[in-house]
Amino acid sequence: MTDDRDRTDAHADTTSDDVRDAIDEARRILNSAQRITSFSGAGLSAESGVPTFRDKASGGLWAKYDPMQLASADGFADNPELVLEWYAMRRRALAAAAPNPAHRALAARADITHVTQNVDDLLERAGAKNVLHVHGRIDRDRCHRNCGYDTRIDLNNPPVGQTCPQCSAPLRPGVVWFGEMLPLDVWEAAEHACAMCDVLLVIGTSGVVYPAAGLIDLARSRSARIIVVNTQAADGGTDADLHLVGPAGRLVHDIVLGPSAD
Ligand code: BJW
């Protein structure tokens, strides 16, 4: 593991020479890699209109809502209706959203394994096949008692107050709340994808939620090159080889598929 990497930062205004050079360098790194993994967070879906969690200025969810009230088993026990109505609101908003150029560019590369913290299905809607949702999926409900029941829901008509057909416990969104374990099979596959990759493309995550954020350290400890795309220079891993500061839509498109003509 190297702690003294030559990190390059480029701030997008995508027309500047610095940014074009950084995009070219990122493309060179990707093109010379055998195995590429993407690791994404809420910033990947921000340009689709899906709110992030921790961006204060642009309406991050945790600036308006208490995470422990809405995204924890204790919060669900205290007020299940409040929690399910909050998810119903987010589910309907997601139904109306569409993949952005970053989702589509990632999906166009069948050779990339996608590890995402996002609970939305925008990578899949863009056509991506290899997607590992380490924090679960908002388009699924599951048994809160963990009897194994798990079902797809209609984002346009989200269920509220239903019970498990197998064991009568409450159904809840198929996402991972604070204090809950990540789904073991998905987690192990994500660890493998990050441990074995030559390049980890880290997109739109603050990198503060564990154990997911530890996947960046895992990849780096196995000598993967780390490329970060984030609107904030301080987010997404400080030990990146290359940090492109700007919106994922344009930057990820240009890194993964090459610059568009316009
Ligand atoms: C752009 C952009 C653009 C914007 N282009 N970029 C103290 C108390 C309680 C728990 C803990 C604690 N200390 C540690 C813990 C553990 C806890 C944790 O890590 N907490 C920290 C926050 C302190 N972790 C857990 O509880 C996990 N489980 C666990 O540890 O189990 C083991 C265990 C179990 C039991 C006992 C003991 C141990 C579970 C974590 C589950 C996280 N769940 C959520 C909600 C999912 C469901 C839902 O959506 O409702 O997952 S929280 C939320 O954060 C969501 C995300 O996946 C996750 C990560 O956020 P992300 O994606 O990084 O978003 P943001 O908003 O943080 O960042 C967006 C970024 O995008 C920013 O950097 C922007 O700059 C950038 N951006 N626009 C590019 N256009």
Side-chain angles (χ1 to χ4, degrees), residues 11-12 14 38-76 82-91 93-94 99-103 105-106 115-123 132-142 158 172-184 186-187 190 201-216 227-238 240 243-255:
H11 295 251
T14 45
S38 75
F39 176 63
S40 53
L44 172 63
S45 297
E47 289 157 79
S48 296
V50 179
T52 65
F53 294 92
R54 296 173 183 80
D55 288 296
K56 290 195 177 62
S58 54
L61 291 170
W62 298 159
K64 283 188 278 185
Y65 303 104
D66 176 358
M68 285 320 194
Q69 196 180 16
L70 295 167
S72 76
D74 285 350
F76 186 56
L82 177 75
V83 171
L84 293 176
E85 285 299 344
W86 186 65
Y87 277 94
M89 175 193 77
R90 289 174 59 202
R91 284 167 156 172
L94 177 60
N100 66 50
H103 296 110
L106 291 170
V115 177
T116 188
Q117 298 165 90
N118 294 347
V119 298
D120 67 56
D121 60 347
L122 294 176
L123 277 167
L132 298 165
H133 288 269
V134 294
H135 289 161
R137 292 182 61 147
I138 201 169
D139 60 354
R140 303 196 72 85
D141 258 1
R142 67 175 170 85
R172 44 79 55 96
V175 301
V176 181
W177 286 330
F178 284 112
E180 293 185 328
M181 305 299 281
L182 280 57
L184 188 61
V186 179
W187 176 249
L201 185 54
V202 180
I203 305 161
T205 179
S206 54
V208 298
V209 174
Y210 283 81
L215 293 170
I216 305 170
I227 302 172
V228 171
V229 175
N230 199 299
T231 45
Q232 299 296 321
D235 282 5
T238 45
H243 194 123
L244 288 100
V245 182
R250 181 63 180 265
L251 288 174
V252 171
H253 175 280
D254 287 4
I255 291 169

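When a ligand or atom number is given, it counts from 1 through the structure's own listing order. All figures in this text were calculated on a predicted structure; none of them were measured in a lab.
- Of the N or O atoms in V176, one or more lie within a sub-3.5 Å distance of an N or O in ligand 1.
- Annotation: W86 places no N or O atom under 3.5 Å from an N or O atom of ligand 1; distance criterion only.
- Comparing heavy-atom distances from atom 4 (C) of ligand 1 across D55, N118, L44 singles out D55 as nearest.
- The backbone N or O of R137 lies less than 3.5 Å from no partner atom in the side chain of D121, so there is not a single donor-acceptor pair.
- In this pair, W62 and W86 present their aromatic rings parallel. The plane angle is below 30°, not in the 30 to 60° band.
- Considering backbone and side-chain N/O atoms, A42 comes within less than 3.5 Å of an N/O atom of ligand 1.
- The backbone and the side chain of A248 each have at least one atom closer than 4.0 Å to an atom of ligand 1 (non-hydrogen atoms only).
- Counting atoms of ligand 1 from 1 in the listed order, those under 4.0 Å from a heavy atom of G41 are 62 (O).
- In terms of N/O distances under 3.5 Å, ligand 1 is not approached by P211.
- Counting atoms of ligand 1 from 1 in the listed order, those under 4.0 Å from a heavy atom of Q232 are 75 (O).
- Interface atoms of ligand 1 facing R90, defined by a heavy-atom separation under 4.0 Å, are 48 (C), 49 (O), 50 (O).
- Contacts between Q117 and ligand 1 below 4.0 angstrom, taking non-hydrogen atoms only, involve backbone and side chain alike.
- Those atoms of ligand 1 that come under 4.0 Å of a heavy atom in E180, given as number and element, are 27 (C), 28 (N), 29 (C), 31 (O), 39 (C).
- Residue contacts with ligand 1 for T231 involve both N, CA, C or O and side-chain atoms from C-beta outward (heavy atoms, distance under 4.0 Å).
- Among the atoms of W177, none of the N or O lies under 3.5 angstrom from an N or O of ligand 1.
- Looking at R54 against ligand 1, both its backbone and its side chain come within 4.0 Å, counting heavy atoms.
- Here is the list of ligand 1 atoms found below 4.0 Å of a heavy atom in Y87: 47 (C), 48 (C), 50 (O).
- Counting heavy atoms from C-beta outward, L123 and L44 have side chains that approach closer than 4.5 Å.
- Remark: atom 32 (C) of ligand 1 lies closer than 4.0 Å to at least one protein heavy atom.
- By the criterion of a heavy-atom distance under 4.0 Å, neither the backbone nor the side chain of I138 is placed next to ligand 1.
- Less than 4.0 angstrom separates atom 15 (C) of ligand 1 from none of the non-hydrogen atoms of the protein.
- Looking at V119 next to ligand 1, no N or O pair under 3.5 Å apart turns up.
- Taking a distance limit of 4.0 Å, we find that atom 38 (C) of ligand 1 is approached by no protein heavy atom.
- For atom 7 (C) of ligand 1, the nearest protein heavy atom lies 4.0 Å away or farther.
- Near V209, with a cut-off below 4.0 Å to any heavy atom, the atoms of ligand 1 are 19 (O), 22 (C), 40 (C), 42 (C), 54 (O), 58 (C), 59 (C).
- Near G246, meaning under 4.0 Å from one of its heavy atoms, ligand 1 places the atoms 5 (N), 79 (C).
- Under the 4.0 Å distance rule, the nearest protein heavy atom to atom 12 (C) of ligand 1 falls outside the cut-off.
- The main-chain N or O of Q232 is found under 3.5 Å from a side-chain atom of H243 such that the two form a donor-acceptor pair.
- Close contacts between ligand 1 and M68 involve ligand atoms 9 (C) [criterion: under 4.0 Å to a heavy atom].
- Residue contacts with ligand 1 for D235 involve side-chain atoms from C-beta outward but no N, CA, C or O (heavy atoms, distance under 4.0 Å).
- Between the R91 side chain and the I138 main chain, a donor and an acceptor come within less than 3.5 Å of each other.
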